[in-house]
Enquirer: 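My questions will all concern the structure given below.
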Amino acid sequence: MRTPTLEGRHFIDSLDLSPAEYDSLFSLAERIKGKPEKFSSCCTGRLMATLFYEPSTRTRLSFEAAMLRLGGRVLTVADPATSSVAKGESLADTIRTVASYSDLIVIRHPKEGAARLAALFSPVPLINGGDGAREHPTQTLTDLFTIKTYKGRLDGLTVAFCGDLRYGRTVHSLIKALARHEGMRFILISPEELRLPERVKDEVRALGEGIELAETTRMEDGLAEADVLYMTRIQKERFFNEEDYLRLRDSYVLTREKLSLAKEDLIVMHPLPRVTEIAYEVDEDRRAIYFEQARLGMWARMALIARLLGVA
Amino acid sequence: MLRVDRIELGIVLDHIQAGKGLFIFQKLGLASRGDPTALLMNVPSSKMGRKDMIKVSGALDLDLAMLGLLDPGITVNYIEGGEVIRKLSPGLPQRVVGLIRCKNPRCITTTEGYSPPVFTLVDREKKEYRCYFCGEHVRV
């Protein structure tokens, strides 16, 4: 079978890649993970620019580590919000300028749809590193690669999402990508105020036949049946009102005791950073794989960068 | 009975929902045209009970997407030599550029005004559109 070509494309939405294209990236990520030295110079002479208009540690470092491990170099604007934007420059002009210096752009922005707008003005591949509460497709790439690695498949799974499902962009991206696989069942655990938006639910239902979506406010209800538990942080930065945040932030805490209700082969995932939603005692449980998930994300991003640049 | 002469060359917008005629007349900027133009309101209609109509003499480049959005039930009759040579119902357009504003305060189009909002039709029955940028659904 021909390898799908991703060269020169943007990656804005988790559905921008077909399941076959994801599979192809997983194969490459697996090869890179097995023999990273074989790929350590495939991006020599290439420059990746990162524009993070929102704070980020993990995603930015993961991208930078990925590019550096491929032998490329990185241009970073540490805080664009206090540089060009402060002078009144539009996003379009920033992108046009940065694209003239680099071969690839990664952008994170607090406004929803920012990456899609930026892509309209970018002659080089542009990757969405998160746009407001909407999408975080490279986290989806990471999450799918992690599930595939640990479960050996992406179909016939019961996946429980827990926490902030309203503003959690990692959830919005991942659930849509998973919905394209057969036999999926989703358990949505959240406070009433932070339920998965209707428009996302509609998209999920439209993506796959016979998808089961169950909603609950109790974490215990979803634990026993889940193959994957996807925990998320209640995000302070997404609330207009701090009182609401304070009321909801400790809605769910996964403890060793609660984990005893779960299957032996459950995997506990988290896009990180974790605040209070997973007790530190859970880290010792072999089902807690979130730090390995972060590492797998780097291999997956290496595969993505290499493919968008057409070097692997 | 009020009578308006037939036109030789032009456009007749028929089946406009009664009461919407003046709004459409204004949106199309017809008051500033030099050619004869008529707005008829509350015209008896066997199909609609009452309807509004607009008759425009002379050539006119219509924005059918906007027309479809303003009143999806409208009929556009193109007249030449006093006869209807083409008839169409624009209906709701599949794609709308710059005519609908996104109501999501977190949408990028609320701050980057140089880029016109783009919407695609997702549900014809509910008259629901989806913002190309943020994915928000709006009803028109």
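Labels below follow one simple rule: chain letters A, B, ... track the order of the sequence lines, proteins then strands, and each chain is numbered from 1. Any value given below was found using the heavy atoms of this structure, including those in side chains, with hydrogens, waters and symmetry copies removed.
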Enquirer: To the nearest 0.5 angstrom, please state how far the CD atom of Glu112(B) sits from the OG1 atom of Thr94(A).
Expert: 8.0 Å
Enquirer: Does a sphere of radius 6.0 Å around NZ in Lys27(B) hold more than 12 heavy atoms from other residues, nucleotides or ligands, not counting ones at 6.0 Å or beyond?
Expert: no
Enquirer: Need one label for Ala92(A): side chain, backbone, both or neither, based on atoms under 4.5 Å from any heavy atom in chain B.
Expert: both
Enquirer: I need the contact set between residues 67-97 of chain B and chain A: heavy-atom distance under 4.5 Å, sorted by residue number.
Expert: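 Checking residues 67-97 of chain B against chain A gives no residue, so none.
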Enquirer: What heavy-atom pair brings Cys134(B) and Arg134(A) nearest, and what distance separates the two atoms?
Expert: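 Distance-wise, the nearest heavy atoms are O-CD, 3.1 Å.
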Enquirer: Would a 4.5 Å heavy-atom cut-off, applied to side chains only, mark Thr110(B) and Lys111(A) as touching?
Expert: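 They are in contact (side-chain heavy atoms under 4.5 Å apart), so the answer is yes.
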Enquirer: Measure the spacing between CZ of Arg116(A) and SG of Cys107(B) and express it to the nearest 0.5 Å.
Expert: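 SG of Cys107(B) is found 11.5 Å from CZ of Arg116(A).
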Enquirer: Is it the side chain or the backbone of Glu203(A) that comes within 4.5 Å of chain B heavy atoms, both, or neither?
Expert: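 Just its side chain gets close to chain B.
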Enquirer: With a 4.5 angstrom heavy-atom cut-off, is it the side chain or the backbone of Leu120(A) that approaches chain B, or both, or neither?
Expert: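 When you check distances to chain B, only side chain atoms of Leu120(A) fall under 4.5 Å.
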Enquirer: With a sphere of 6.0 Å drawn around CZ of Arg101(B), does it hold more than 12 non-hydrogen atoms of other residues, nucleotides or ligands?
Expert: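 Not more than 12 within 6.0 Å, no.
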Enquirer: May I ask you to check whether over 12 heavy atoms, not counting those of Glu182(A), lie within 6.0 Å of atom CD?
Expert: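 Open.
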Enquirer: Mind listing the closest non-hydrogen atom pair of Ile108(B) and His109(A) along with its distance?
Expert: CD1-CE1, 3.8 Å
Enquirer: Identify which part of Tyr114(B) has an atom lying under 4.5 Å from any heavy atom of chain A, answering side chain, backbone, both or neither.
Expert: side chain
